[in-house]
Participant: 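Once you've had a glance at the structure underneath, I'll fire off some questions.
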Amino acid sequence: MTTTRIPGFYRLSTKERFDMVTKDRGLTEDEVIYLSGREALSMDLADSMIENVVGQIGIPVGIASNFKINGKDTFIPMATEEPSVVAAASNAAKATYENGGFFTSMSGTIMRGQIQVLDVADPFAARAKIFEHKNEILQHCNEKDPTLVSLGGGAKDLEVNIIPTTNHQMLVIHLIVDTKDAMGANAVNTMAESVTPIIESITGGRVLLRIISNLADLRLVRARAVFSAEAFGGKEIIENIVSAFEFADFDPYRAATHNKGIMNGISAVVLATGNDTRAVEAGAHAYASRSGLYKSLTKWEINADGDLAGSIELPMAVGIVGGATKTHPVAQASLKIMGIKSAEELAGCIAAAGLAQNAAALRALSAEGIQRGHMSLHARNLAVMAGAKKSEIDVIVAQAIVEKDLRYDRILEITKTIQRGEIVGSNK
Ligand code: NAD
């Protein structure tokens, strides 16, 4: 097993990093070509993925290092346009590595498909009748996906809710489907659509919507890690982190930003593996609101040893088959780099990335503030925006940091000065 604790990983060239994380991972030639950015996706492949294709947008894939997850060193591919995200995750993972890293578990790979039934005269009696026909309904669903059933998945159970709305009561049936290594939206939607005639005949009502729920509360992933006080800045900082967490847990204005930081880590891995970022994001935010108050997705405590214990729990509907996970060569390369063999394992890695991201953000906010760590990356972005060439960027960033000035107009001025061949001073 390759260690992910590689001092100076960030100082290596992109080629050196690429070789290190892809060595012996069995990447195909296509996966190497597309991950390395040597070629964009073929327009034919792009055109087969979505509609009306005219082009593509390249998002960098970075590797978060220092992750040990359930005892296994794991490189984490992250696709993101936001500076500092990969560095922050790697730094936080480093602080927990010696304590064993991250430990994860999952409640299962079960999704809910919803079937809305209107115009039922006697919803309570209809509910009872649906349960009388449960086996017939499940069997009908399972006939639609013999592959899933052969893998031990498929429709397993039913729930029936009567929802009072403004005008009338409606019946909402939940198909409980184990989608195994697939995210499962297509699989579940197909099943839900196929049982319409049976449901209408049993209830005497009219079926309207048939669609998966992204509030995947039967597919919860959990991760935890311990950050020793010493490695994480001392007793005062970790106490401040707990207070910062409590702020988020009781104030939705703060919770929105706190959870956005968590999603910086989560969505980046979801995207790198070709999964549906919106499905995971919708599930996460709906789950954070389940008590009626929008809360933190993580919990932070000081344990009996005086160290910082972090944990996270959220729905994680991701797959390693289906959707773009199989068709996009970079998604396949990402799974190989992580050495992932199941959707459950992938979900654990994603949760670990979210927890690490939150640890890093809380640490920065509770100590020096978020902007210091962001400074040089932010300056780089501004320099590129100002039209700096690659060879000019380091000088511009160094000057901006000396001046402690990250205003765009000043960076533009520095860039122009350098491009005129003049020497930059701090005559701002
Ligand atoms: P899919 O239909 O492409 O693949 C799933 C199928 O693969 C299963 O039904 C099964 O027959 C087969 N399969 C083969 N090996 C399997 C294994 N080991 N485990 C499980 N199934 C296996 O994809 P999907 O996962 O059903 O749907 C995912 C896609 O649906 C994503 O692209 C997502 O963006 C999209 N989508 C999402 C929503 C939503 O989230 N609300 C709605 C519609 C579509």
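Remember, it's 1-based here, ligands and their atoms both numbered in the order they're listed. The figures here come from the full heavy-atom set of this structure, side chains too, leaving out hydrogens, waters and symmetry mates. Along the sequence shown, residues carry numbers from 1.
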Participant: What is the nearest protein non-hydrogen atom to atom 20 (C) of ligand 1, stated with its residue, atom name and distance?
Facilitator: Thr179 O, 3.3 Å
Participant: Is any side-chain heavy atom of Val270 closer than 4.5 Å to one of Ile350?
Facilitator: yes
Participant: Can the positive tip of Arg127 be found less than 6.0 Å from the middle of the six-membered ring of Phe124, inside 45° of the ring normal?
Facilitator: no
Participant: Ligand 1 versus Val188, non-hydrogen atoms closer than 4.0 Å: side chain, backbone, both, neither?
Facilitator: neither
Participant: Could you tell me whether Ile320 approaches ligand 1 through its side chain, its backbone, both or neither, with non-hydrogen atoms closer than 4.0 Å?
Facilitator: neither
Participant: Of all the atoms in ligand 1, which lie at a distance below 4.0 Å from a heavy atom belonging to Ala279?
Facilitator: 40 (O)
Participant: So that I can tick it off, tell me whether Lys156 and Asp178 are bridged by a salt bridge, with the cut-off set at under 4.0 angstrom between side-chain N and carboxylate O.
Facilitator: no
Participant: Enumerate the atoms of ligand 1 whose separation from the nearest heavy atom of Lys180 is less than 4.0 angstrom.
Facilitator: 19 (N), 20 (C)
Participant: Does ligand 1 have an atom under 4.0 Å from some heavy atom of Gly153?
Facilitator: no
Participant: Hey, does the side chain of Ser296 reach the backbone of Phe245 with a donor-acceptor pair shorter than 3.5 angstrom?
Facilitator: no
Participant: Quick one: which of Thr327, Leu151, Asn186, Asp178 has a heavy atom closest to atom 27 (O) of ligand 1?
Facilitator: Asn186
Participant: Short check: is a protein heavy atom less than 4.0 Å from atom 34 (O) of ligand 1?
Facilitator: yes
Participant: Answer side chain, backbone, both or neither: which part of Asp276 comes under 4.0 Å from ligand 1, heavy atoms only.
Facilitator: side chain
Participant: Distance to 0.1 Å, residue and atom name: give those for the protein heavy atom nearest to atom 13 (N) of ligand 1.
Facilitator: Thr147 CG2, 4.1 Å
Participant: Just say parallel, tilted or perpendicular for the rings of Phe9 and Phe75, cut-offs at 30° and 60°.
Facilitator: parallel
Participant: Quick one: does NZ or CZ of Lys295 land under 6.0 Å from the six-membered ring centre of Phe250, within 45 degrees of the ring axis?
Facilitator: yes
Participant: Answer yes or no: is there an ion pair linking Arg254 with Asp249, defined by an N-O contact shorter than 4.0 Å?
Facilitator: no
Participant: Among Ala343, Ala182, Ala324, Ala216, which one has a heavy atom closest to atom 5 (C) of ligand 1?
Facilitator: Ala182
Participant: How far is atom 32 (O) of ligand 1 from the closest protein heavy atom, and which atom is that?
Facilitator: Gly323 CA, 3.4 Å
Participant: Among protein heavy atoms, which sits nearest to atom 7 (O) of ligand 1, and what does the distance come to when rounded to 0.1 Å?
Facilitator: Val321 CG2, 4.5 Å
Participant: Can you pull out the closest protein heavy atom to atom 44 (C) of ligand 1? Residue, atom name and distance to 0.1 Å, please.
Facilitator: Ala185 CB, 3.7 Å
Participant: With a 4.0 Å cut-off on N to O distance, would you call Arg25 and Glu31 a salt bridge?
Facilitator: no
Participant: Which residue supplies the protein heavy atom nearest to atom 28 (C) of ligand 1, what is that atom called, and how far is it?
Facilitator: Met183 SD, 3.9 Å
Participant: Distance from Met183 atom CE to Asn275 atom CG, nearest 0.5 Å?
Facilitator: 8.0 Å
Participant: Heavy atoms only: which of Asn189, Thr109, Val177 is nearest to atom 43 (C) of ligand 1?
Facilitator: Asn189
Participant: Considering heavy atoms of the protein only, find what lies nearest to atom 4 (O) of ligand 1 and give residue, atom and distance to 0.1 Å.
Facilitator: Gly322 CA, 3.4 Å
Participant: With Leu171, which of Leu118, Ile163, Ile199, Ile130 fulfils side chain to side chain contact (heavy atoms under 4.5 Å, CB included)?
Facilitator: Ile130
Participant: Considering non-hydrogen atoms of the protein only, which is the closest contact for atom 25 (O) of ligand 1, and what is the distance?
Facilitator: Gly184 N, 2.6 Å
Participant: Applying a heavy-atom cut-off of 4.0 Å, say which part of Asp145 lies close to ligand 1: side chain, backbone, both or neither.
Facilitator: side chain
Participant: Does atom 16 (C) of ligand 1 have a protein non-hydrogen atom under 4.0 Å from it?
Facilitator: yes
Participant: Would you indicate whether the side-chain heavy atoms of Leu158 and Leu175 approach each other to under 4.5 Å?
Facilitator: yes
Participant: Salt-bridge test for Lys23 and Asp19: reply yes if a basic N is under 4.0 Å from a carboxylate O, no otherwise.
Facilitator: no
Participant: Check each atom of ligand 1 against the heavy atoms of Ile212 and keep those under 4.0 Å away; list them by number with element.
Facilitator: 39 (C), 41 (N)
Participant: Below 4.5 Å, heavy atoms only, C-beta onward: do Phe18 and Val32 meet side chain to side chain?
Facilitator: yes
